[in-house]
Amino acid sequence: MNTQQTIEERLWNFIDGTAIPSEIPVIEQLLQSDEAWKKKYKELLQVNKLLKSSELDAPSLRFTKNVMEEISRLHIAPATKSYINNKIIWGIGFFFIALLVGFLIYGFGQMGLSVGEETSLSRNLNKVDFSKFFSNTWVNAFLMINVVLGLFLLDNFFTAKRKEFRKQL
Amino acid sequence: MSTGLSDNEIISQVLDGDHQAYAGLVNRYQNYVFTLTLRIVKNREDAEEVAQDVFIKAYKYLADFRGASKFTTWLYTIVNNTCISFLRKKKLDIHSLDNEKVFEMAGNLDSGMKANLVEHKSKLAMVHDAIGLLNADDAQIITLFYKAEQSLEETAQILGIEVNTAKVRLHRARTRLKEKMETHFAEEVKDLN
């Protein structure tokens, strides 16, 4: 970043009131002693003043009438909050967590772990009946739900990326 | 008429069934909304259509406004989203700084200057025209900050970006605006100094 840009940026922050407090006395000092800063400050103040006093564009005279005619045919939609019940969302979340915990318990139960027996983990894993585990309809349904949720997440991710890309344009 | 009432009071009236009270909000903010839409879609007819759409959407979803932010911040968020949808639907490109059309517009303004037409323009009209030469994103952030009286935090909220990003974008937009003014309105800028 060149010096001129830095001066402008610091001065704009000073004018907007967004400069960090420790920077304010430094800028004030520079404005009193440095001619280049003084000149730039005057220039930016002029632009700021013009921007603040610039006028708004006005739509046609029939604008309000047109809007009121359109809304006379509409009804205000109920607030989103009123038809999305948080308890239901929490309930769904709790259901999935309970399901996950249930399968974990079932899975560990299949391993037949007990104190005093052979403790080698690989040996215990060999005892798990995977065919029984994955042929279970409930497990398959659970996996399917997870796949669908995964696709939703992927879709959200791509939507966010697309938004970012559009903003960059 | 609800002229002396605050935005929130008018909204309460509308939600209580007095639909005509909504005209108060439309009258109050139509110029702000229209200016913002015009800065983005760059065409008066389209801007008016989008601005109407904004007020219709705002009415329809008024019950969703919970007063957590200023009504204008909420309204300008609808402006932003509606303009993006409109541009996407019309497949219009958001003008970039290198866009030929911008230079075409600038060229027209230059010839206007040669014809001594610009000499009669006020300084305010000069700023207005210079903003018109900016790309949609720059023009939008300048309009939100200066004309729509939104703070940096509110501007960031409307645009769905971080405050620091909004600060940088505003700074860049002002730098580009100054460049446009110096390039296309050299005489007027000279008068300013």
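Letters A, B, ... are given to chains in the order of the sequence lines, protein chains preceding strands, and every chain is numbered from 1. Quick caveat, the model's predicted, so the values are computed rather than measured.
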Using non-hydrogen atoms only, which part of B/L38 is less than 4.5 Å away from chain A: side chain, backbone, both, or neither? side chain

Heavy-atom check, side chain of A/L50 versus side chain of B/M126, under 4.5 Å: yes

Same cluster or not: are A/V101 and A/F94 linked, directly or through other Ile, Leu, Val, Met, Phe, Trp or Tyr residues, by side-chain heavy atoms under 4.5 angstrom apart? no

Checking B/T35 side chain against A/D57 main chain: does a donor-acceptor pair fall under 3.5 Å? yes

Quick one: does any side-chain atom of B/Q30 pair with a main-chain N or O of A/A58 as donor and acceptor, under 3.5 Å? no

Using a 4.5 angstrom heavy-atom cutoff, name the option from B/I56, B/T37, B/L152 with the most pairs to chain A. B/I56

Atom CZ in B/F55, atom CG in A/N66: separation rounded to 0.5 Å? 12.5 Å

How long is the straight-line distance from CD of A/E70 back to NZ of B/K60, given to the nearest 0.5 Å? 11.5 Å

Any idea which heavy atoms bring A/E43 and B/K178 closest together, and the distance? OE2-CE, 2.9 Å

Could you measure the distance from the CG atom of A/L56 to the OH atom of B/Y146? Nearest 0.5 Å is fine. 15.0 Å

Is there a path of hydrophobic side-chain contacts, each under 4.5 Å between heavy atoms of I, L, V, M, F, W or Y residues, that connects B/V168 with B/L144? no

Side-chain donor-acceptor pair present, B/H171, A/N13, cut-off under 3.5 Å: no

Would B/V26 end up clustered with B/Y59 when hydrophobic side chains under 4.5 Å apart are linked, directly or stepwise? yes

Could you look at A/N48 and say if it's the side chain, the backbone, both or neither that has a heavy atom under 4.5 Å from chain B? both

Taking every heavy atom of A/A77 against every heavy atom of B/A63, the minimum-distance pair comes out as O-CB, 3.4 Å

Under 4.5 Å from any heavy atom of chain B, what part of A/T18 do you find: side chain, backbone, both or neither? both

For residues B/V127 and A/V47, determine if any side-chain heavy atom of one lies less than 4.5 Å from a side-chain heavy atom of the other. no

Heavy-atom closest contact (B/E48 atom, A/F63 atom, distance): O-CE1, 3.8 Å

Within 6.0 angstrom of A/F142 CZ, more than 12 heavy atoms from elsewhere: yes

B/L36, part contacting chain A, at a heavy-atom distance under 4.5 Å: neither

Do A/W12 and A/I24 share a hydrophobic cluster, counting only Ile, Leu, Val, Met, Phe, Trp and Tyr and linking them when any side-chain heavy atoms are less than 4.5 Å apart? yes

Within the supplied structure, the quantity of interest is the number of heavy atoms (other residues, nucleotides, ligands) at a distance under 6.0 Å from A/L153 CG; does it exceed 12? yes

Rounded to the nearest 0.5 angstrom, the CE-CD distance for A/M68 and B/Q52 is 12.5 Å

Side chain, backbone, both or neither: which part of B/V14 has a non-hydrogen atom closer than 4.5 Å to chain A? both

Between atom NE2 of B/H19 and atom OG of A/S72, what is the distance when rounded to the nearest 0.5 Å? 10.5 Å

d(B/F145 CZ, A/D16 CG) to nearest 0.5 Å is 4.0 Å

Heavy atoms from other residues, nucleotides or ligands near NZ of A/K52 exceed 12 (cutoff 6.0 Å): no

Give a yes or no on whether A/L74 and B/F65 share a hydrophobic cluster (residues Ile, Leu, Val, Met, Phe, Trp, Tyr; joining criterion: side-chain heavy atoms under 4.5 Å apart). yes

